[in-house]
Amino acid sequence: MGHDLRGAGQARSLPAHRGSAAVAQAEVQRVVSERKTIYTAGAWRSAASGATREVLDPADGSVLAVVAEGGTTDVDAAVSAARDAFDLGPWRTVPARERAALLHRTADLLRRDRDRIGLMESLDAGKTLEEGRADVDCVVDAFRYFAGLVAGEDAGRVVDAGDPDVHSVVVHEPVGVCALITPWNYPLLQASWKIAPALAAGNTFVIKPSEITPLTTVALMELLAEAGLPDGVANLVTGAGDPVGARLSAHPDVDLVSFTGGLVSGTKVMRAAAESVKKVALELGGKNPNVVFADACATDEGFDTAVDQALNAAFIHSGQVCSAGSRLIVEESVHERFVTELARRAERIRIGRGTDPGVECGPLVSAAQRERTESHVAAALAEGAVLRAGGERPDGPGYFYRPTVLDRCHRRMRVVREEVFGPVLTVETFRSEEEAVALANDTEYGLAGGVWTSDAGRARRVAGRMRHGTVWINDFHPYLPQAEWGGFGKSGIGRELGPSGLAEYRESKHVYQNLAPRPVRWFAG
Ligand code: NAD
């Protein structure tokens with residue numbers, strides 16, 4: 001998912017933030033003070049081993065903060081706290097209206113702290129300040145959505161057993177202790193898509209943010225405590241995927257693991273969870289098509305819109321978006337005009353530190369992420385792709401990479417098949433609707449995709465045939481908290497957001513009450 005920033009303040013008119021960045025740096029230091037970033041049973045702690053990890057500023061590689069590097073001992077303590085808080089209550093039996101009120105209070109606190117948390121996200125994940133703040137707004141929306149969903153709900157469903165002497169109901173109960181594992185690209189947003197429904201349903205949890213971007217999750221835990229969440233309901237362990245995420249996925253006292261991240265780690269989580277038959281929800285990667293028919297470009301306005309949105313689809317947050325429109329599939333007859341304009345505009349994207357005024361794209365999150373991007377581009381060029389824009393790092397510090405357009409790509413290229421998770425757009429062409437659909441579906445993933453056409457019938461036909469969890473018609477990237485988000489194929493299992501996003505965190509229980517019990521006499525003796 002990405003942001004629909006239309007209507008938000010223009011990146012070009014951002015005021016100078018150097019002063020507030022210094023304030024944010026100080027805030028970061030306060031939040032991770034004494035390196036106590038592990039939160040269990042309502043107390044902030046260092047790692048049991050005393051180990052720490054440096055969190056780097058991707059805009060210059062400097063140390064932004066030092067956090068606790070948790071291990072299996074810390075995980076076991078956090079799971080034990082969450083287990084006790086679930087089994088002994090009272091959170092799971094608190095009336096839904098009170099749980100909803102807690103979520104609303106958290107949303108209010110996030111609104112109050114929008115600027116400082118948005119800035120912290122910008123510094124940690126390298127996104128622009130505008131995006132960091134928009135993330136906080138989306139988090140507020142998620143908390144409010146799940147609060148509204150449970151507050152207005154019936155307590156259960158009466159089932160007709162076909163017998164007036166039977167009272168039969170289906171009720172929902174929380175799953176139990178949830179392990180929540182999140183990635184680095186939308187640290188706070190991904191956390192909220194899990195935390196809000198988990199709490200709304202009455203669960204307790206242990207969250208493990210990405211070791212690359214843990215800061216705003218630490219801040220969110222502070223706000224949950226301030227909102228009045230009982231101790232032990234929310235727990236946090238900062239640390240590496242293995243051992244922290246691996247231990248959580250395998251832990252016998254964890255009932256559900258909800259993971260957002262890459263395919264490789266997601267497969268490991270599922271394997272580890274199988275041993276104890278936990279419930280598993282996976283939100284994985286995508287290789288998302290953006291299909292442009294020539295009729296969408298018939299007018300100058302239509303052409304400009306389709307190009308502009310293709311740019312946004314591919315390059316917002318430097319392409320580090322699971323639903324990035326990283327595969328442009330454009331009708332042959334408009335291909336040259338479209339790619340020429342797209343490349344011209346890609347070259348003009350202003351990259352820099354996300355808190356600097358006028359910056360439109362920040363750095364990649366790490367040196368490793370940039371190297372991965374470079375290796376994909378080099379392989380594509382060796383396989384015959386034509387470079388139309390970018391293809392290099394700019395001079396200077398930080399993990400920056402220029403927005404890159406690779407033309408004349410084809411389905412056998414690695415760059416077309418694998419998720420790059422960087423600012424790289426591949427271009428393929430088609431001649432018929434049939435071919436367009438085939439190309440759009442030619443991926444092992446199935447997270448999201450867009451189709452651009454002025455023909456309403458074609459739009460519905462193509463959208464209906466696209467095997468992706470979200471399909472945008474004449475748009476790209478917007479999502480709604482009330483609409484399910486997730487993927488077909490290897491993009492994952494289950495859905496976040498919407499009613500299904502709450503259902504993930506619930507068990508259904510059928511309670512059958514016989515009001516006039518009698519012997520069955522199945523056995524005669
Ligand atoms: P990643 O898989 O490297 O890490 C994700 C999380 O898993 C991190 O917290 C990491 O520490 C943890 N982890 C790593 N190994 C683990 C293991 N063996 N057991 C348990 N946990 C482990 O992913 P990333 O690089 O942080 O994020 C980028 C990926 O996330 C991309 O593939 C992107 O498409 C995906 N993503 C998907 C969505 C979605 O909604 N489908 C949203 C955002 C990101």
Side-chain angles (χ1 to χ4, degrees), residues 32 34-41 43-56 63-86 124 176-185 187 190-191 194-195 198 203-218 220-221 232 234-285 365-369:
V32 299
E34 299 170 52
R35 297 158 192 200
K36 290 186 174 173
T37 56
I38 293 175
Y39 187 66
T40 51
W44 289 99
R45 306 168 199 277
S46 310
S49 66
T52 58
R53 173 188 289 266
E54 292 180 341
V55 177
L56 303 183
V63 177
L64 189 59
V66 179
V67 298
E69 179 74 352
T72 52
T73 308
D74 304 294
V75 171
D76 291 353
V79 171
S80 167
R83 187 81 260 165
D84 284 351
F86 186 78
D124 199 7
V177 174
C178 303
L180 312 177
I181 302 174
T182 54
W184 49 258
N185 61 335
Q190 296 300 332
K194 299 181 190 306
I195 288 176
N203 298 281
T204 63
F205 70 83
V206 180
I207 189 164
K208 190 211 95 63
S210 168
E211 56 275 37
I212 303 173
T213 55
L215 302 183
T216 48
T217 308
V218 175
L220 179 58
M221 302 299 280
N235 304 275
L236 158 74
V237 182
T238 48
D242 193 355
V244 175
R247 176 68 180 157
L248 279 170
S249 308
H251 203 294
D253 283 339
V254 168
D255 300 297
L256 170 150
V257 56
S258 176
F259 170 90
T260 301
L263 181 56
V264 173
S265 316
T267 312
K268 288 181 188 164
V269 166
M270 198 166 171
R271 213 175 278 132
E275 198 63 39
S276 50
V277 196
K278 314 181 160 25
K279 295 185 183 310
V280 177
L282 301 176
E283 292 288 340
L284 307 177
V365 79
S366 64
Q369 199 58 26

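Computed from a prediction, not measured in an experiment: that's the story for all the values here.
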If you compare all heavy atoms of S249 against all heavy atoms of V257, which two are closest, and at what distance to 0.1 Å? OG-CG2, 4.2 Å
Closest approach of G70 to V237 (non-hydrogen atoms, all atoms of both residues): CA-CG1, 4.2 Å
N/O donor-acceptor pair under 3.5 Å between T238 side chain and A68 backbone: yes
4.5 Å side-chain heavy-atom contact, L236 and P209: yes
Under the ring-ring contact (aromatic ring centres under 6.0 Å, His included) rule, collect the residues that match up with Y39, sequence neighbours excluded. W44
Compile the donor-acceptor pairs under 3.5 Å between side chains in residues 259-273 and protein atoms, sequence neighbours left out, one pair per line.
unit_1	atom_1	unit_2	atom_2	d
T260	OG1	K194	NZ	2.7
T267	OG1	L263	O	2.6

Minimum heavy-atom separation for P187 to N185, with atom names? CD-C, 3.4 Å
Mind checking side-chain hydrogen bond (donor to acceptor under 3.5 Å, both in side chains) for T73 and listing every partner two or more places apart, or none if nothing turns up? none
Pairwise distance CD1(I181) to OG(S258) - rounded to 0.5 angstrom: 8.5 Å
Could you tell me whether the side chain of V79 reaches within less than 4.5 Å of the side chain of V254, counting heavy atoms only? yes
Are the side chains of T216 and D124 in touch, meaning some heavy atoms are under 4.5 Å apart? no
Using the salt bridge (Lys or Arg N to Asp or Glu O under 4.0 Å) criterion, which residues pair with D255? Sequence neighbours excluded. R83
For A47 against A51, the heavy-atom pair lying closest together: CB-O, 3.6 Å
Side chain to side chain contact (heavy atoms under 4.5 Å, CB included) filter on A81, not counting sequence neighbours, yields A41, N235
Partner residues of E283 under the side-chain hydrogen bond (donor to acceptor under 3.5 Å, both in side chains) criterion, sequence neighbours left out: none
Listed partners of A43 passing side chain to side chain contact (heavy atoms under 4.5 Å, CB included), at least two apart: R45
Nearest 0.5 Å please: distance from the CD1 atom of I195 over to the CG atom of L180. 6.5 Å
Heavy-atom closest pair (P183 atom, T213 atom, distance to 0.1 Å) is O-OG1, 4.1 Å
Distance col, row H251:NE2 vs T72:OG1, nearest 0.5 angstrom, shows 9.0 Å
K208 (side chain) donor-acceptor with A179 (main chain) under 3.5 angstrom: no
The side chain to side chain contact (heavy atoms under 4.5 Å, CB included) partners of S276 (sequence neighbours excluded) come to K278
Residues which pass side chain to side chain contact (heavy atoms under 4.5 Å, CB included) with A274, listed by chain and number, not counting sequence neighbours: none
Can you list every salt bridge (charged side-chain N to carboxylate O under 4.0 Å, His left out) pair that touches residues 63-72, not counting sequence neighbours? R53-E69
Look at the side chain of N203 and the backbone N and O of C178, then say whether any donor-acceptor pair between them is shorter than 3.5 Å. no
Under the side-chain contact (heavy atoms from CB on, under 4.5 Å) test against V206, which residue among V244, L248, V75 passes? L248
